[in-house]
There are 2 protein chains.
Amino acid sequence: MLVHSVSNCPILPPLPAVAVQPHAKAGETLFWEGEETDCLYHLQSGIVRGVRYTEEGERNIVGFYFAGDRIGVPVGGTYRFTAEAITVVTYATVRLNVLADDIRSGGTARLFETVQTELGADEVHSQLLCRQGALQRMCAFAACLYRRLNGAAIEAIAQVDIADYLALTPETVCRSLKKMRDSGVIAMPRHDRIEVVNPAALTAMSLQ
Amino acid sequence: MLVHSVSNCPILPPLPAVAVQPHAKAGETLFWEGEETDCLYHLQSGIVRGVRYTEEGERNIVGFYFAGDRIGVPVGGTYRFTAEAITVVTYATVRLNVLADDIRSGGTARLFETVQTELGADEVHSQLLCRQGALQRMCAFAACLYRRLNGAAIEAIAQVDIADYLALTPETVCRSLKKMRDSGVIAMPRHDRIEVVNPAALTAMSLQ
DNA sequence: CGAAATCTTGACATGCGTCAAACGTGGTGG
DNA sequence: CCACCACGTTTGACGCATGTCAAGATTTCG
């Protein structure tokens, strides 16, 4: 199975009734790569992209995150990537010490729930990048998001972002999308909206 | 920084003095992908490769693991990949419920410590695959292992395995290694031994 | 010592990156 | 409300790097 199961809705800690829901506008940053981790983020709506800049200044996208995902897991005490809101995003933050209490009270399965999103996202990313052929990679990517979003249209993700995620050029992404349109597996009413019309054909094309 | 810091030596739990050290011969499997996770593995010596087979039967290598690494983190209760010993391997196992108690008492830091190896490995893998150009990818890979092994020679890793790890063909791996030999950045007294002669040149060649 | 696996080298075709230019779109300010 | 501008997308032409196929050399292991 290429698609992992990070799509389960989170059981969120109760919030004070009067609290204003934390949110970010499109383009805003939730946290920065290398910054010291003080809390994790449970996404509730919207789309976030994980970004990392290489030494040469190249931009890499490490993942796209949606409602239900938990991001911000530290390695060495700091965030592993920069989290940028693509759309308006609402979320809940969980301070590390609160999380510790949560872990103590929960079961063993609960233990790794926290790291599941990021572990799964990196795993998927590697699997996508392993596919040779731009078209296969694009189809696998679309199939992946299709399942993650339970069939909803893929929206608001720029082709440039897809390119930086799949290690392709924007031109190649555009051409691949055109082929997918011509084959009738997807429809694109707008530049930033991909509707999967034929899921079976999509997975077939993603196979090598 | 391309290279992450999973190279810290682990503080291992004390073992019974009379216990026979668990070990595996080259080619043996420590655990299987999809199998229910009952314990994690702390590697103490030797080399392990993480393998995953795609639906089409293609072999992917997700990472190489060395002394000090902790592998076997479950997602959804099962192992994320198959762990095969490349050399003779010695290790210590930690049962999941023991680990759970350990994490509960140790807090979030202990949790993140546990997943550091696999999170870091996937991260590195993605970063390597993002580099376009076979030579750059190979150089980045070599530089990565060079730092992970603290300058020791890279040994016992077959070129086929490198190919499956970097999403290249064995032929391309071989040709890239030849270029690196001709450039004088590495030496190869045997087919399965890579000695980094010029680390500076190596990192320079890995830049895009 | 023999056989199987791995590595090496060559020739060839093609798919993707690069460069360049035009088009569409969304946002901002007058 | 319209005009303009900046950014992202689209399309084309071209060259090179890498995958593919094939044959031979080397190593490893029984």
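A, B, ... follow the sequence lines: proteins, then strands. Residue 1 opens every chain.
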Would you mind reading off the distance between [X] atom [atom1] and [N] atom [atom2], rounded to a whole angstrom?
X: A/Gln159; N: D/dT11; atom1: CD; atom2: C1'; value: 13 Å
X: B/Leu135; N: D/dT18; atom1: CG; atom2: P; value: 8 Å
X: A/Arg190; N: D/dT9; atom1: CZ; atom2: C1'; value: 14 Å
X: B/Arg193; N: C/dC7; atom1: CZ; atom2: P; value: 16 Å
X: B/Gln136; N: C/dC16; atom1: CD; atom2: P; value: 18 Å
X: A/Ile194; N: D/dG8; atom1: CD1; atom2: P; value: 16 Å
X: B/Arg59; N: C/dA5; atom1: CZ; atom2: P; value: 14 Å
X: B/Glu171; N: D/dA17; atom1: CD; atom2: P; value: 18 Å

Closest to side chain of [X], choosing from [options]:
X: A/Leu168; options: D/dT28, C/dG17, D/dT10; answer: C/dG17
X: A/Val160; options: C/dT8, D/dT10, D/dT9; answer: D/dT9
X: A/Ala134; options: D/dT9, C/dC16, C/dC19; answer: C/dC16
X: B/Thr169; options: D/dT26, C/dC19, D/dG19; answer: D/dG19

Task: B/Asp122/B/Arg80 ion pair, N-O < 4.0 Å - done: yes
TODO: Answer yes when A/Asp102 and A/Arg95 have at least one side-chain N-carboxylate O distance shorter than 4.0 Å, and no when they do not.
DONE: no
Rounded to the nearest 0.5 Å, what separates atom [atom1] in [X] from atom [atom2] in [Y]?
X: B/Ile154; Y: B/Arg148; atom1: CD1; atom2: CZ; value: 12.0 Å
X: A/Gln116; Y: A/Thr114; atom1: CD; atom2: OG1; value: 9.5 Å
X: A/Leu40; Y: A/Leu99; atom1: CG; atom2: CG; value: 6.0 Å

OP1, OP2 of [N] versus side-chain N and O of [X]: anything below 4.0 Å?
X: B/Thr172; N: D/dG19; result: yes
X: B/His191; N: C/dT8; result: yes
X: B/Lys178; N: C/dT8; result: no

Open item on the list: What's A/Ala167 touching, base or sugar-phosphate or nothing? Going by heavy atoms closer than 4.0 Å.
Closed with: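 Touches sugar-phosphate only.
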Open item on the list: If you go through the side-chain atoms of A/Gln132, does one of them form a donor-acceptor pair with the base of C/dC16 closer than 3.5 Å?
Closed with: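 No.
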Open item on the list: Ignoring hydrogens and geometry beyond distance, is the side chain of A/Arg175 in donor-acceptor contact with the base of D/dG12 at under 3.5 Å?
Closed with: yes
